[in-house]
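Below, chain A is the first sequence line, B the second, and so on; all start at residue 1. As the structure is a prediction and not an experimental result, all values here were calculated from the model.
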There are 2 protein chains.
Amino acid sequence: MNIGEASKASGVSPKMIRYYEAGGLIGTAARTASGYRQYTEADLRTLRFVRRTRDLGFSMEQIAQLLGLWRNEGRASADVKRLALSHVEALDAKAAALLEMSRTLRRLAEVCQGDAAAACPIIDEFADGGDVRPSRPRAPDFAPARHRGR
Amino acid sequence: MNIGEASKASGVSPKMIRYYEAGGLIGTAARTASGYRQYTEADLRTLRFVRRTRDLGFSMEQIAQLLGLWRNEGRASADVKRLALSHVEALDAKAAALLEMSRTLRRLAEVCQGDAAAACPIIDEFADGGDVRPSRPRAPDFAPARHRGR
DNA sequence: GATGGGGCTTGCCACCGTGGGAAGGTCAAG
DNA sequence: CTTGACCTTCCCACGGTGGCAAGCCCCATC
């Protein structure tokens with residue numbers, strides 16, 4: 001099976017299939033004499049696994065771990081569960097941060113007339129506003145790619 | 001004032017100050033004869049405005065718009081409000097997506113023993129895309145129509 | 001006035017995950 | 001044999017942020 005078919009069958013774009021291969025997430029695909037990647041049913045299963053975990057927001061690093069556990073018959077389900085739950089925490093934290101922003105903004109918008117006049121508490125807040133909290137760590141959910149070594 | 005001082009006073013790193021300048025978010029800073037950027041109190045106000053809006057998750061493009069409205073005495077507060085509320089929607093949507101992932105994962109983790117045994121419904125779901133809830137009858141032979149568009 | 005250290009400059013690289021596109025090879029149908 | 005769809009690799013972009021390097025600049029201290 002060529003990469004295009006594998007893509008359709010797995011829901012992962014050819015681009016990403018190659019990217020996952022390059023990143024060691026999935027194994028090096030077999031090649032035809034002319035260099036076309038060839039995919040088997042087993043490869044498709046892996047690709048679908050990756051897609052599902054990606055859809056749940058796991059990072060590639062975490063997916064690599066999950067794949068390892070998947071293939072490891074001697075795994076402890078506790079390991080999987082721990083990984084999953086720590087991701088749940090991360091997701092919740094991110095969502096909470098987003099909702100906090102949303103709440104703040106909504107509160108501001110509520111007291112804005114929203115008419116043709118220039119006066120606007122939203123802009124006022126951005127301009128003068130609560131700069132009270134001193135140098136808290138910057139926006140956590142947009143945190144920089146923490147350069148974890150490899 | 002040099003960029004380092006401006007950074008401390010505004011809570012924006014020197015790196016990001018330059019980046020915002022390059023991206024047209026903030027104006028081109030004045031320079032000393034030797035090329036050092038110089039910042040005024042007015043510049044600081046702009047930087048703090050940018051930081052506050054970034055803390056609320058606005059994109060640079062949106063911040064540019066907000067800055068335009070801020071500086072525009074003839075603005076309509078309705079424009080600000082519209083921008084804010086559309087961002088609120090985006091934030092809520094993102095948060096909802098995150099929480100949906102979290103919910104799915106938590107549901108899976110709940111039915112995982114989390115012990116030393118290999119059996120794990122979490123991994124099983126990633127592998128087969130099977131039904132999470134054990135009480136529900138299995139899907140019939142035909143396609144389960146899971147459709148996650150991609 | 002020399003020296004040293006910290007600040008500043010620009011520029012490039014990295015991260016993640018994804019898409020776009022160019023330049024070229026391959027394959028199957030017409 | 002030509003055409004068009006597919007494949008290959010390689011580079012570029014995005015949003016934001018940090019790191020590092022090479023090279024100036026400024027000031028204080030000796």
Report yes or no: is there a donor-acceptor pair, N or O only, under 3.5 Å between the side chain of Tyr36(A) and the base of dG25(C)? yes
(message) Using only modelled atom types and a 3.5 angstrom limit, is any donor from either the side chain of Lys15(A) or the base of dG21(C) paired with an acceptor on the other?
(response) yes
Double-helix bend of the helix from dG1(C)-dC30(D) to dG30(C)-dC1(D), axes at both ends from 5 pairs, round to 10°, gives 30°
Length of the [atom1]-[atom2] vector between [X] and [N], whole Å:
X        : N       : atom1 : atom2 : result
Lys94(A) : dC16(C) : NZ    : P     : 13 Å
Tyr19(B) : dG19(D) : OH    : C1'   : 16 Å
Glu21(B) : dG11(C) : CD    : C1'   : 15 Å
Arg51(A) : dG17(C) : CZ    : P     : 16 Å
Gln62(B) : dG16(D) : CD    : C1'   : 14 Å
Phe58(A) : dG17(C) : CZ    : C1'   : 17 Å
Leu25(A) : dT18(C) : CG    : P     : 11 Å
Asn2(B)  : dC26(D) : CG    : C1'   : 9 Å

Reckon Ser59(B) touches a base, only the sugar-phosphate, or nothing at all at heavy-atom distances under 4.0 Å? sugar-phosphate
_By the 4.0 Å heavy-atom rule, please label Arg18(B) as base, sugar-phosphate, or nothing._
base
Is Met60(B) reachable from Leu47(B) through a run of hydrophobic residues whose side-chain heavy atoms are each under 4.5 Å from the next?
yes
inquiry  = Tell me whether Val88(B) shares a hydrophobic cluster with Leu99(B), the cluster being built from Ile, Leu, Val, Met, Phe, Trp, Tyr side chains joined at under 4.5 Å.
reply    = no
Examine distances only and state if a side-chain atom of [X] and a backbone atom of [Y] form a donor-acceptor pair shorter than 3.5 Å.
X         : Y        : result
Ser102(A) : Leu98(A) : no
Gln38(A)  : Met1(A)  : yes
Asn72(B)  : Leu69(B) : no
Arg48(B)  : Ala9(B)  : yes

Check whether any side-chain nitrogen or oxygen of [X] sits under 4.0 Å from OP1 or OP2 of [N], and answer yes or no.
X        : N       : value
Tyr20(B) : dT17(D) : yes
Arg37(A) : dT8(D)  : yes
Arg31(B) : dC25(D) : no
Arg54(A) : dT18(C) : yes

On DNA chain C, more 5' by nearest nucleotide between Met60(A) and Ile3(B) is Ile3(B)
What do you reckon, are the aromatic ring centroids of Trp70(A) and Phe126(B) less than 6.0 Å apart? no
Testing dC26(D), dT9(D), dC8(C) for proximity to the side chain of Ser34(B), the answer is dC26(D)
field: Electrostatic pair Arg103(B):Glu100(B) at N-O distance under 4.0 angstrom
entry: yes
